[in-house]
Amino acid sequence: MSKELTNRSDDYSQWYNDLVIKGGLADYSAVRGCMVIKPYGYAIWEKMQFVLDSMFKETGHQNAYFPLFIPKSFLAREAAHIEGFAKECAVVTHYRLMNDPNGNGVIVDPDAKLEEELIVRPTSETIIWNAYKGWIKSYRDLPLLINQWANVVRWEMRTRLFLRTTEFLWQEGHTAHATKDEAIAEARTMLDVYAAFAENWMALPVIKGVKTANERFAGAEDTYCIEALVQDGKAIQAGTSHFLGQNFAKAFDVTFTNKENQLDYVWATSWGVSTRLIGTLIMAHSDDHGLVLPPKMAPIQVVIVPIVKTAEQLTLIDEKVNVLRKELISKGITVKYDNDDKQKPGWKFAEYELKGIPIRLAIGPRDLENGTVELARRDTLTKSTVPLQGLEDVIIGLLDEMQLNIYNKALAFRDGMITEVNSFDEFKKVLDEKGGFISAHWDGTPETENIIKNETKATIRCIPLDNSLEAGNCVYTGNPSIQRVLFARAY
RNA sequence: CGGGGUGUAGUACAGUUGGCAGUAUGCCUGCUUUGGGAGCAGGAGGCCGCAGGUUCGAGUCCUGCCACCCCGACCA
């Protein structure tokens with residue numbers, strides 16, 4: 001037993017770390033808070049990128065790339081923005097090293113001090129809007145719909161593999177519009193894109209909502225989000241989309257001439273998802289045997305393991321498998337045939353279970369005689385013997401079924417973890433004993449939200465977009481409330 | 001930044017009263033094996049986190065430092 005996993009029920013954090021490390025998704029690095037994303041983890045990210053990028057293109061966006069470094073003065077232009085990010089910025093102050101005259105290796109050359117410090121981007125609104133100023137003159141230049149795939153740095157006090165690291169990978173869309181309504185529509189459209197991606201591809205049910213003022217992005221008028229729930233009952237913000245109003249246009253003096261020949265400030269949005277999605281995916285679906293990946297996100301969907309005693313048997317199986325593999329590949333299924341003889345079947349079974357590969361086929365001498373394979377599905381851990389004849393169609397159907405099954409399981413869990421409460425005692429009791437989302441009335445003030453946060457560590461995750469209005473009384477103050485909001489402890 | 005923990009072989013760990021650096025696993029070789037993490041035999045692998053100190057002698061005792069992990073405060 002080389003790779004024992006911690007059980008979820010024993011230590012959820014350790015279980016998660018074990019999956020990430022032992023599943024080969026990522027590794028710790030020499031730099032605190034920064035991680036190495038290993039090939040298997042990066043392959044998941046590439047799948048996410050490919051699907052999302054296609055969705056962005058379909059909605060009219062183009063990719064571009066803006067600098068990693070942002071002049072300090074840029075960040076400071078928008079007051080709320082700098083206030084939100086100031087405490088987590090990495091700052092470049094010098095541009096050269098030199099040999100230590102005292103012989104202690106290399107030191108920063110004191111003569112190479114930058115006139116103006118550069119900030120390693122925590123997000124790119126400022127550098128991008130500075131560029132947009134030169135690009136936008138007329139309503140004919142709008143809308144400007146741009147996305148970039150990039151890394152960003154936020155100097156976090158406490159980090160967690162994939163979910164919160166000092167450097168992370170993401171995409172950030174930055175759009176410019178002639179009207180407020182169009183910008184809001186854009187922010188909502190991209191939220192819908194994220195929700196569709198999460199549900200249809202990651203098998204992750206999410207709640208679309210709008211953030212309260214406390215939780216709003218620094219510099220936004222409104223922040224929309226998709227909120228997911230993972231197995232320990234904590235919420236995770238899986239994606240955000242911001243309506244930025246004219247805040248950045250005003251800060252960077254980006255104006256355009258409208259159809260009425262009047263000068264006006266441009267309306268903006270920004271939106272992003274990050275490698276945090278990988279962590280969310282892991283926490284949402286996996287079990288004590290390892291990762292469980294929904295077929296649409298699995299870098300390898302089907303793994304085939306031969307079971308042989310002799311080289312002759314292996315040759316026969318190789319022939320059968322090569323035919324099967326070609327058929328599966330031609331239908332768009334990713335297949336790995338592991339006929340490596342350095343590991344035994346039992347080892348491979350455990351390893352591929354750990355890695356969350358949806359379908360495992362085993363073919364041995366018995367199957368050769370009977371024209372069958374043993375098929376094991378990762379989501380249910382069940383095995384069956386199925387005929388080789390027509391296997392491709394069985395697999396195609398099964399992958400779809402598994403995708404749906406994983407989604408439905410997560411959905412049932414999530415729905416069972418939304419609890420309506422009507423008193424603060426009940427609120428605290430449910431939060432401690434059950435977790436999940438708590439649907440409760442709130443008086444709408446940041447003060448009350450803060451008090452609840454300080455007392456319970458729960459925050460308002462969002463006001464669901466499809467919320468129904470319902471008169472009631474704030475669970476904390478008893479003041480009148482027009483609707484319930486969702487509270488939870490969150491990652 | 002506070003609290004806790006861990007630093008010894010690739011990995012996970014043990015190391016007694018201060019006295020030759022160990023176990024498992026993994027790795028290499030060979031044979032036997034192969035339907036749930038194989039067996040036997042042989043072999044390689046160490047700056048015991050770093051720096052000082054005490055001592056005839058330090059993985060072990062003392063002082064200082066560093067790194068990483070976990071829990072909090074902060075956050076996508």
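Throughout, a chain's letter reflects where its sequence line sits, starting with A, and its residues are numbered from 1.
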Ranking A:Ala238 and A:Ser13 by the position along RNA chain B of their nearest nucleotide, the one closer to 5' is A:Ser13
Which part of the nucleic acid, if any, lies within contact of A:Thr385, taking any heavy atom under 4.0 Å across all strands shown: a base, the sugar-phosphate backbone alone, or nothing?
nothing
Could you measure between the two C1' atoms, the one in B:C70 and the one in B:U29, and give it in whole Å?
42 Å
Name the nucleic acid region contacted by A:Pro365, choosing base, sugar-phosphate or nothing; use a 4.0 angstrom heavy-atom cut-off, strictly under.
base
Below 4.0 angstrom from OP1 or OP2 of B:C70, is there any side-chain N or O of A:Asn17?
yes
Mind checking the P distance from B:A44 to B:U23? Whole angstroms is fine.
13 Å
Determine the contact category for A:Arg360: base if any of its heavy atoms lies under 4.0 Å from a base atom, sugar-phosphate if only primed atoms, P, OP1 or OP2 are that close, otherwise nothing.
base
Establish whether the base of B:G35 is bridged to the side chain of A:Lys309 by a donor-acceptor pair shorter than 3.5 Å.
no
Please give the distance between the C1' atoms of B:G22 and B:C31 as a whole number of Å.
29 Å
Measure from CG on A:Asp27 to C1' on B:U11 and round the result to the nearest Å.
12 Å
Distance test, side-chain N/O of A:Arg160 to OP1/OP2 of B:C71, below 4.0 Å
yes
Check whether the side chains of A:Arg489 and A:Thr459 place a donor and an acceptor atom closer than 3.5 Å, and report yes or no.
no
Once you apply a heavy-atom cut-off of 4.0 Å, does A:Phe217 come out as touching a base, just sugar-phosphate, or nothing?
nothing
Looking only at B:U34, B:G36, B:C70, the nucleotide nearest the A:Ile307 side chain is B:U34
Begin with the C-alpha distance, continue with both residues' side-chain angles, and end with the deciding distance and a verdict on side-chain contact (heavy atoms from CB on, under 4.5 Å) for A:Arg366 and A:Thr372.
CA-CA 8 Å; A:Arg366 288 207 301 267; A:Thr372 57; over 6 Å; no
Donor on one side chain, acceptor on other, A:Ser13 and A:Trp15, under 3.5 Å:
no
Within the structure shown, what part of the strands sits under 4.0 Å from A:Val31 by heavy-atom distance: base, sugar-phosphate, or nothing?
sugar-phosphate
Closest of B:A76, B:C70, B:A73 to the A:Lys457 side chain is B:A73
When you check the side-chain N and O atoms of A:Ser270 and A:Glu125, is any donor under 3.5 Å from an acceptor?
yes
Dot-bracket for RNA chain B, please. Rules: Watson-Crick or G-U, both distances under 3.5 Å, ( ) within the strand, [ ] when a pair crosses earlier ones, | for another strand, . otherwise.
(((((((..((((.....[..)))).((((((.....)))))).....(((((..]....))))))))))))....
Closest to the side chain of A:Met157, out of B:U34, B:A73, B:C68, is B:A73
Report the nucleotide, chosen from B:C71, B:C69, B:G35, that has the shortest atom-to-atom distance to any side-chain atom of A:Pro345.
B:G35
Assess the side chains of A:Glu172 and A:Ser124: does a donor N or O sit below 3.5 Å from an acceptor N or O?
yes
C1' atom, B:G59 versus B:U16: distance in rounded Å?
13 Å
With rounding to whole Å, what would you report as the distance between B:U17 and B:C62 at their P atoms?
14 Å
Using only heavy-atom distances, decide whether a donor-acceptor pair under 3.5 angstrom links the side-chain of A:Glu353 to the base of B:G36.
yes
Assign A:Gln237 to base, sugar-phosphate, or nothing according to its heavy-atom contacts below 4.0 angstrom with the strands shown.
sugar-phosphate
Looking at A:Asp379 and A:Arg377, does any basic side-chain N land under 4.0 Å from a carboxylate oxygen?
yes
Taking atom C1' in both B:C56 and B:U11, compute the distance separating them and give it to the nearest angstrom.
37 Å
Can you find a side chain N or O atom of A:Arg158 that sits less than 4.0 Å from OP1 or OP2 on B:G72?
yes
A:Glu117: what forms a salt bridge (Lys or Arg N to Asp or Glu O under 4.0 Å) with it, not counting sequence neighbours?
A:Lys72
Options B:G37, B:C68, B:U34, nucleotide nearest the side-chain atoms of A:Ala350
B:G37
What distance, rounded to whole Å, do you find between the two P atoms, one in B:A67 and one in B:G39?
42 Å
If you measure from the Lys or Arg side-chain nitrogens to the Asp or Glu carboxylate oxygens, is any gap between A:Glu351 and A:Lys355 under 4.0 Å?
yes
Inter-nucleotide P distance (B:G10, B:G46), Å rounded:
7 Å
In terms of side-chain heavy atoms, does A:Tyr12 have a donor or acceptor partner in A:Gln231 at a distance below 3.5 Å?
no
The nucleotide from B:C27, B:C68, B:A38 with an atom nearest the side chain of A:Gln343 is B:C27
Selection from B:G35, B:A76, B:C68 that lies nearest to any side-chain heavy atom of A:Tyr28
B:C68
